[in-house]
Amino acid sequence: MNAQIIDGKRIAGEIRGEIRRETESLAERRVKPGLAVVLVGEDPASQVYVRNKAKACEELGFYSEVHRLEAETTQDELLALIARLNGQADINGILVQLPLPKHIAEKAVIDAISVDKDVDGFHPISVGNLLIGDDALQPCTPSGVIELLKRTGNEPSGKHAVVIGRSNIVGKPVSMLLLREHATVTICHSRTPDLAAVVRGADIVVAAVGVPKLVKADWVKPGAVVIDVGVNRLPDGKLCGDVDYEGVSQVASWITPVPGGVGPMTITMLMLNTLKAAKRAHGII
Ligand code: NAP
């Protein structure tokens with residue numbers, strides 16, 4: 001079997017088109033979605049992410065503010081900025097770029113973001129709503145995974161999904177979303193015995209591990225759908241996922257490449273969350 005490629009770039013483009021059209025119709029009602037991105041310190045990767053988020057806002061006709069704070073910024077100063085953004089009517093979404101410098105408690109910062117503006121979906125109330133099944137702003141990478149599945153006709157309902165990884169950012173929320181979509185979900189982690197045997201039982205495999213090419217062809221049931229969230233840099237500088245793409249694509253029915261699979265969905269889902277938050281703030285949904 002030669003797997004069909006789940007083209008994250010194309011699907012992200014499709015969703016961006018939908019967002020753009022909605023933003024244009026909101027403009028007629030004088031509503032403009034607004035996103036504030038806060039970066040503390042000078043982590044090079046974070047700087048790229050923040051630039052890309054601001055660029056996406058510009059392309060989609062959103063209002064955006066980028067707050068670049070010095071690495072020495074105190075927690076109180078950061079919390080004061082968040083309080084100000086919480087009260088700002090032109091800001092519908094607040095994203096604090098992680099990781100933060102060590103002297104700032106990430107939890108205190110996440111907890112301080114208004115739930116209505118929690119476009120990262122990391123606030124404990126958003127997480128609770130996700131678990132209960134309420135209409136929360138959902139974390140971006142996990143909701144991107146669900147879109148990739150649905151938009152390629154791979155409905156999770158009734159399928160056995162095996163998620164490798166249990167982080168708060170990817171593994172746990174993607175598992176909850178798959179459950180919401182009526183999949184039977186198994187969550188694996190570093191202490192799961194015979195991981196290969198568990199993965200072999202999956203109709204849908206989601207790998208969010210951070211170990212290059214961990215998932216091998218003989219771990220995958222023929223015809224399974226494989227979503228690779230991992231982004232790993234190899235010694236030669238090339239990017240690769242958590243799945244051995246060459247081998248697994250001979251066995252799977254659908255597979256995401258790295259790069260070009262899950263990656264392009266994350267910022268797009270952030271934009272979708274900001275649009276949703278803006279609509280809610282104006283009583284449109
Ligand atoms: P993380 O917080 O390090 O979590 C990794 C998870 O994998 C943990 O639950 C860990 O288990 C498990 N694990 C580690 N080694 C394992 C092994 N050998 N067998 C089975 N499970 C193992 O990472 P993360 O933040 O979830 O990110 C995962 C990957 O996704 C990374 O490569 C990251 O770069 C990528 N990522 C991509 C995007 C995107 O937009 N494309 C977004 C976020 C993350 P324990 O809990 O037992 O330690």
Side-chain angles (χ1 to χ4, degrees), residues 5-12 15-16 37 43-46 48-53 55-56 95-100 106-107 110 119-122 127 130 138-149 161-178 185-202 205-216 218-220 226-235 237-245 248 255-273:
I5 292 171
I6 300 180
D7 185 347
K9 244 175 142 170
R10 184 190 62 72
I11 295 171
I15 298 172
R16 285 190 190 208
V37 183
D43 177 60
S46 294
V48 174
Y49 298 143
V50 167
R51 257 202 310 279
N52 289 342
K53 285 164 188 168
K55 202 169 136 225
L95 183 139
V96 178
Q97 189 65 49
L98 302 176
L100 288 166
E106 239 167 59
K107 177 164 170 52
I110 291 170
V119 284
D120 244 346
F122 294 159
V127 176
L130 175 69
Q138 297 170 353
C140 302
T141 303
S143 57
V145 168
I146 301 297
E147 285 297 320
L148 289 177
L149 288 169
V162 171
V163 177
I164 318 171
R166 57 172 165 180
S167 72
N168 290 334
I169 294 174
V170 191
K172 281 183 203 158
V174 84
S175 302
M176 288 306 118
L177 288 173
L178 285 162
V185 184
T186 303
I187 308 173
C188 304
H189 46 79
S190 65
R191 300 191 196 188
T192 301
D194 202 355
L195 182 61
V198 181
V199 174
R200 245 175 247 129
V205 181
V206 179
V209 192
V211 176
K213 305 186 184 187
L214 175 75
V215 178
K216 307 283 187 268
D218 63 356
W219 292 27
V220 174
V226 179
I227 307 286
D228 191 352
V229 182
V231 180
N232 309 292
R233 197 162 291 278
L234 295 171
K238 285 194 183 138
L239 285 184
C240 86
D242 293 340
V243 173
D244 177 16
Y245 184 86
V248 172
I255 190 167
T256 55
V258 177
V262 175
M265 297 297 287
T266 300
I267 292 185
T268 300
M269 300 314 286
L270 173 71
M271 297 296 126
L272 195 59
N273 271 351

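In each ligand, atom 1 is the first atom listed, and ligand 1 is the first ligand listed. The structure presented is a predicted model; accordingly, all values stated were derived computationally and were not measured. These numbers come from the heavy atoms of this one structure, side chains and all, not from hydrogens, waters or symmetry mates. Numbers here simply count residues along the sequence, with the first being 1.
Given atom 9 (O) of ligand 1, the protein heavy atom at minimum distance is Arg166 N, 2.8 Å. Nearest non-hydrogen protein atom to atom 5 (C) of ligand 1 is Val209 O, 3.3 Å. For atom 31 (C) of ligand 1, the closest heavy atom belonging to the protein is Gly210 CA, 3.8 Å. Of all protein heavy atoms, the one closest to atom 33 (C) of ligand 1 is Val231 N, 4.2 Å. The single protein non-hydrogen atom nearest to atom 18 (N) of ligand 1 is Leu214 CD1, 4.2 Å, given as residue, atom name and distance. Shortest contact from atom 20 (C) of ligand 1 to any protein heavy atom: His189 O, 3.3 Å.
The shortest N or O to N or O distance between Val262 and ligand 1 is not under 3.5 Å. The shortest N/O to N/O separation between Ser167 and ligand 1 falls below 3.5 Å.
Between Asp228 and Thr256, the shortest heavy-atom distance links the atoms N-OG1, 2.8 Å. The two residues Ala202 and Val162 make their nearest non-hydrogen contact at CB-CG2, 3.5 Å. Nearest heavy-atom pair, Val198 versus Pro193, reported as atom, atom and distance to 0.1 Å: CG2-O, 4.2 Å. Of all the heavy atoms in Pro212 and Leu234, the pair that sits closest is CB-CD2, 4.1 Å. Here the shortest heavy-atom pairing between Leu130 and Pro139 reads CD2-CD, 4.2 Å.
Set against the non-hydrogen atoms of Leu195, the atoms of ligand 1 under 4.0 Å away are 19 (N), 20 (C). Each of the following atoms of ligand 1 lies closer than 4.0 Å to a heavy atom of Gly165: 6 (C), 7 (O), 9 (O). Shown in contact with Val170 at under 4.0 Å from a heavy atom are these atoms of ligand 1, numbered in order with element: 26 (O), 43 (C), 44 (C). Near Asn232, meaning under 4.0 Å from one of its heavy atoms, ligand 1 places the atoms 32 (O). Which parts of ligand 1 touch Thr266 is read off a 4.0 Å heavy-atom cut-off, strictly below it: atoms 39 (C), 40 (O).
Assignment of Ala208 to the shell around ligand 1 is supported, since a heavy atom sits closer than 4.0 Å. Between Gly263 and ligand 1 there is a heavy-atom distance shorter than 4.0 Å. Heavy-atom separations between Thr192 and ligand 1 are all 4.0 Å or longer.
Of the listed residues (Leu148, Val145, Ile146), just one forms a side-chain contact (heavy atoms from CB on, under 4.5 Å) with Met265, and that residue is Leu148. Checking Asp244, Val209, Asn232 one by one against Leu214, the side-chain contact (heavy atoms from CB on, under 4.5 Å) holds for a single residue, Val209.
Without hydrogens or angle criteria, Ser167 side chain to Val170 main chain gives a donor-acceptor distance under 3.5 Å. Between the side chain of Asp242 and the main chain of Lys213, no donor-acceptor pair closer than 3.5 Å is present. At least one donor-acceptor pair under 3.5 Å links the side chain of Asn273 to the backbone N or O of Gln138.
Counting heavy atoms under 4.0 Å from ligand 1, residue Thr141 touches it through the side chain alone. When heavy-atom distances to ligand 1 are checked against a 4.0 Å cut-off, Val229 comes that close through both its backbone and its side chain.
Other residues, nucleotides and ligands contribute over 12 non-hydrogen atoms within 6.0 Å of the NZ atom of Lys216.
The residue from Gly241, Ser190, Gly8 that puts a heavy atom closest to atom 11 (O) of ligand 1 is Ser190.
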Inset, instruction - Could you go through the side-chain contact (heavy atoms from CB on, under 4.5 Å) check for Ile267 and Tyr49 one step at a time? - result: CA-CA 9 Å; Ile267 292 185; Tyr49 298 143; 6.0 Å; no

